[in-house]
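Working notes for the structure below.
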Amino acid sequence: MIAAIRGTQDILPGTIERWQFVEATACRVFEQYGYAEIRTPIIEREELFAKGTGETTDIVQKEMYAFTDKDGERIALRPEATPSLVRAFVEHSLEQAMAVPKIYTLGPMFRRERPQKGRYRQFHQLDVEVFGVKDPSVDGEVIDLAWTLIRELGITGVELAVNSVGCPVCRPSFAAALVAALGEDVQTLCGDCQRRAVANPLRIFDCKVPADQRVIDALPHTIDYLCDECRTHFEAVRRYLDVFGIPYTLSHRLVRGLDYYTRTTFEVLAGQIGAQNAVLGGGRYDGLVKQLGGPDRVGIGFAAGVERLVLALPDTLALPEKRPAVFIAAIGEPAREAALTLLRDLRRAGVNAQVEYEGRSLKSQMKRADRLKAPLVFILGEDELARGEVSVRRMATSSQESVPLSGAVEFVKTSQ
RNA sequence: GUGGGUAUAGCUCAGUGGCAGAGCGCCGGACUGUGGCUCCGGAAGUCGCGGGUUCGAACCCCGUUACCCACCCCA
């Protein structure tokens with residue numbers, strides 16, 4: 001047997017309904033907020049992510065699926081959507097084409113990590129981006145959109161964390177302050193943290209090693225080192241969140257893993273879905289568009305993990321059951337032909353009607369109808385055929401009546 | 001890349017050296033053409049794979065692969 005490759009999975013009937021619910025809800029909410037869907041290729045030039053996601057990130061350094069194409073070009077399977085959306089924004093001058101460049105997309109992403117609960121090599125994201133708006137009110141709108149999505153999905157027990165990581169002006173001084181505050185204590189931290197202290201001090205805040213927490217808790221906070229502009233911006237973002245009535249926690253440890261984030265960062269964390277508890281994360285990336293060769297335009301957005309949202313959906317979520325309106329059981333060859341004609345007519349009238357394909361016994365056909373949860377069964381045998389009627393059985397009550405064959409379609413439609 | 005756990009029927013799992021099992025599901029039957037409940041019968045297995053020990057291995061030993069969970073990191 002050839003099995004699906006590691007970290008990929010088939011989403012089967014019984015589960016796919018929850019995916020459809022998540023995707024349909026997301027599209028509805030995004031459209032309501034005025035975002036337009038776009039779809040971009042799954043493969044891109046490797047360079048796009050090296051420059052966009054960041055040469056120093058783990059995603060690019062060790063998790064990206066990349067290969068050399070037959071003409072020698074380096075191709076990558078996208079590990080995230082933002083660089084692709086920025087590329088499309090620039091390539092098609094969407095700022096000219098759209099009244100407001102507010103876009104969303106959804107689809108598979110690829111990262112070569114060891115799979116675990118809520119993390120796969122092919123995973124799926126919902127992704128929202130806004131380009132060219134500096135005003136903090138758009139930070140507020142994007143976070144409100146994220147929060148509304150979570151609420152519309154019925155997901156509870158989540159926490160919204162918000163922070164500001166500053167900009168290229170103020171971040172270096174904060175990083176320096178971090179290292180200075182650590183001082184000799186660096187020696188007492190875990191190996192990962194010691195490496196981070198040199199490579200990217202902000203990431204020390206990601207550490208989960210219990211022994212390190214006392215030292216980390218005492219470290220300075222990003223928001224105390226913001227430059228005037230960043231501080232004013234962040235204060236305004238927080239005011240908007242208050243205006244929108246969105247409950248959030250200020251998390252000075254929310255620094256996020258991608259190089260391009262500036263100023264506002266945020267994350268929605270859910271319990272009960274495993275160790276990978278971030279269902280949604282995003283922030284502002286004011287330098288990215290220019291860095292990718294576009295005009296000097298700011299940007300902000302977020303990505304939500306579909307697998308994680310599906311895990312976080314309430315157990316009580318009741319999705320409408322898919323069932324045929326009527327099942328047609330036929331006995332004997334002449335009746336089978338009449339049944340197929342009736343089947344065609346029902347379907348042309350927009351009715352979900354099913355039949356048994358193999359010529360089985362009536363008993364088997366009834367069993368099939370029951371299993372499909374069809375509320376009505378049309379029984380067509382020699383007797384019915386001779387009278388130009390069908391017997392209609394209501395499965396719930398086991399009651400049975402006769403209906404003229406010519407009125408069968410109408411009968412189903414009126415009893416739906 | 002690292003650590004731990006698991007691997008037996010379609011699914012969930014029992015089975016600690018002596019004939020491969022259960023529940024659910026599936027197929028058929030219980031007075032000619034009637035579902036669910038009950039009863040009877042049936043199909044279905046390379047016990048993950050490869051070696052080793054043994055008269056004999058699903059079971060013990062070695063190796064290997066896959067999956068799950070966790071670390072790193074991230075959605």
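Please read these numbers as outputs of a predicted model, since none were measured by experiment.
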Could you label the plane-to-plane angle of the A:Tyr65 and A:Phe110 rings as parallel, tilted or perpendicular, counting under 30° as parallel and over 60° as perpendicular? perpendicular
Remember a base hit wins even if backbone is also touched, and classify A:Glu382 as base, sugar-phosphate or nothing at under 4.0 Å, heavy atoms. base
Using purine N1 to pyrimidine N3 plus N6-O4 or O6-N4 for Watson-Crick, or N1-O2 and O6-N3 for G-U wobble, both under 3.5 Å, which nucleotide pairs with B:C59? none
Please give, in whole Å, the distance from B:C67 C1' to A:Glu113 CD? 18 Å
Would you mind classifying the nucleic acid contact of A:Gln9 as base, sugar-phosphate or nothing, using non-hydrogen atoms under 4.0 angstrom? nothing
Watson-Crick or G-U wobble partner of B:C47, both distances under 3.5 Å: none
Which whole-number value in Å describes the distance from A:Ile5 CD1 to B:C67 C1'? 14 Å
Regarding the side chain of A:Lys117, the nearest nucleotide among B:C69, B:C27, B:G1 is B:C69
Please classify the nucleic acid contact of A:Arg111 as base, sugar-phosphate, or nothing, using heavy-atom distances under 4.0 Å. base
Look at the aromatic rings of A:Tyr285 and A:Tyr260 and report parallel, tilted or perpendicular, splitting at 30° and 60°. perpendicular
Contact class for A:Ala369 vs. all strands (heavy atom < 4.0 Å): base, sugar-phosphate, or nothing? nothing
With a non-hydrogen cut-off below 4.0 angstrom, is A:Leu280 in contact with a base, only sugar-phosphate, or nothing? sugar-phosphate
Hey, is the side chain of A:Arg114 poking within less than 4.0 Å of OP1 or OP2 on B:G3, counting only N and O atoms? no
Do the side chains of A:Arg78 and A:Glu44 get close enough for a salt bridge, i.e. N-O under 4.0 angstrom? no
Testing B:G33, B:U34, B:A75 for proximity to the side chain of A:Gln125, the answer is B:A75
Atom-pair distance (CE on A:Met109; P on B:A75), nearest Å: 11 Å
Output the single nucleotide from B:G28, B:C68, B:U34 whose closest atom is nearest the side chain of A:Arg393. B:U34
Should the ring pair A:Phe378 and A:Phe411 be called parallel, tilted or perpendicular, given that the plane angle runs from 0 to 90° and is split at 30 and 60? tilted
Using a 4.0 Å heavy-atom cut-off, does A:Leu309 contact any base of the nucleic acid, only the sugar-phosphate backbone, or nothing at all? nothing
Which part of the nucleic acid, if any, lies within reach of A:Gln400 when heavy atoms closer than 4.0 Å are counted: base, sugar-phosphate only, or nothing? base
Are the aromatic rings of A:Tyr35 and A:Tyr104 close, with centres under 6.0 Å apart? no
Can you figure out which of B:G33, B:A70, B:A75 approaches the side chain of A:Phe123 most closely? B:A75
Per atom distances to the A:Arg112 side chain, the nearest of B:G1, B:A75, B:C71 is B:G1
Under a 3.5 Å limit on both distances, the Watson-Crick or wobble mate of B:C19 is none
How many whole angstroms separate atom CZ of A:Phe110 from atom P of B:A75? 16 Å
Can you tell which of B:G33, B:A70, B:U34 lies closest to the side chain of A:Ala275? B:A70
Output yes when at least one side-chain N/O atom of A:Gln365 is less than 4.0 Å from OP1 or OP2 of B:U34, else no. no
Rounded to whole Å, please give me the gap between CZ in A:Arg387 and P in B:G33. 16 Å
Pairing partner (Watson-Crick or G-U wobble, both distances under 3.5 angstrom) of B:C39: B:G29
Counting any heavy atom closer than 4.0 Å, what does A:Gly282 reach on the DNA or RNA strands: base, sugar-phosphate only, or nothing? nothing
Name the pairing partner of B:U34, where a pair is Watson-Crick or G-U wobble with both distances under 3.5 Å, or state none. none
As a test of reading the structure: which of B:G33, B:G28, B:A75 is closest to the side chain of A:Arg360, going by heavy atoms? B:G28
Of the nucleotides B:C73, B:G29, B:G33, which one has an atom closest to the side chain of A:Glu63? B:C73
Watson-Crick or G-U wobble partner for B:C24, using a 3.5 Å limit on both distances? B:G10
Test item: A:Asn352 side-chain N/O and A:Ala325 main-chain N/O as donor-acceptor pair under 3.5 Å: no
Using OP1 and OP2 only, check whether a side-chain N or O of A:Gln276 sits under 4.0 Å from B:A75. no
Short side-chain N/O contact from A:Ser361 to OP1 or OP2 of B:U34, under 4.0 Å: no
Taking any strand in view, what nucleotide pairs with B:A70 in a Watson-Crick or G-U wobble way, both distances under 3.5 Å? B:U2
Donor-acceptor check, side chain of A:Arg263 to backbone of A:Val165, threshold 3.5 angstrom: yes or no? no
Side-chain atoms of A:Arg308 come closest, of B:G36, B:G33, B:A75, to B:A75
Determine the contact category for A:Asp383: base if any of its heavy atoms lies under 4.0 Å from a base atom, sugar-phosphate if only primed atoms, P, OP1 or OP2 are that close, otherwise nothing. base
Atom CD of A:Glu267 to atom C1' of B:C73: distance rounded to whole Å? 12 Å
Using a heavy-atom cut-off of under 4.0 Å over every strand shown, decide if A:Phe327 touches base, sugar-phosphate, or nothing. nothing
For B:G15 versus B:C47, give the span between their C1' atoms, rounded off to a whole number of Å. 10 Å
A:Asn277 CG - B:C69 P separation (whole Å): 15 Å
B:U65 phosphate, OP1 or OP2: any side-chain N/O from A:Arg6 under 4.0 angstrom? no
Could you give the CE-to-C1' distance, from A:Met366 to B:A30, as a whole number of Å? 18 Å
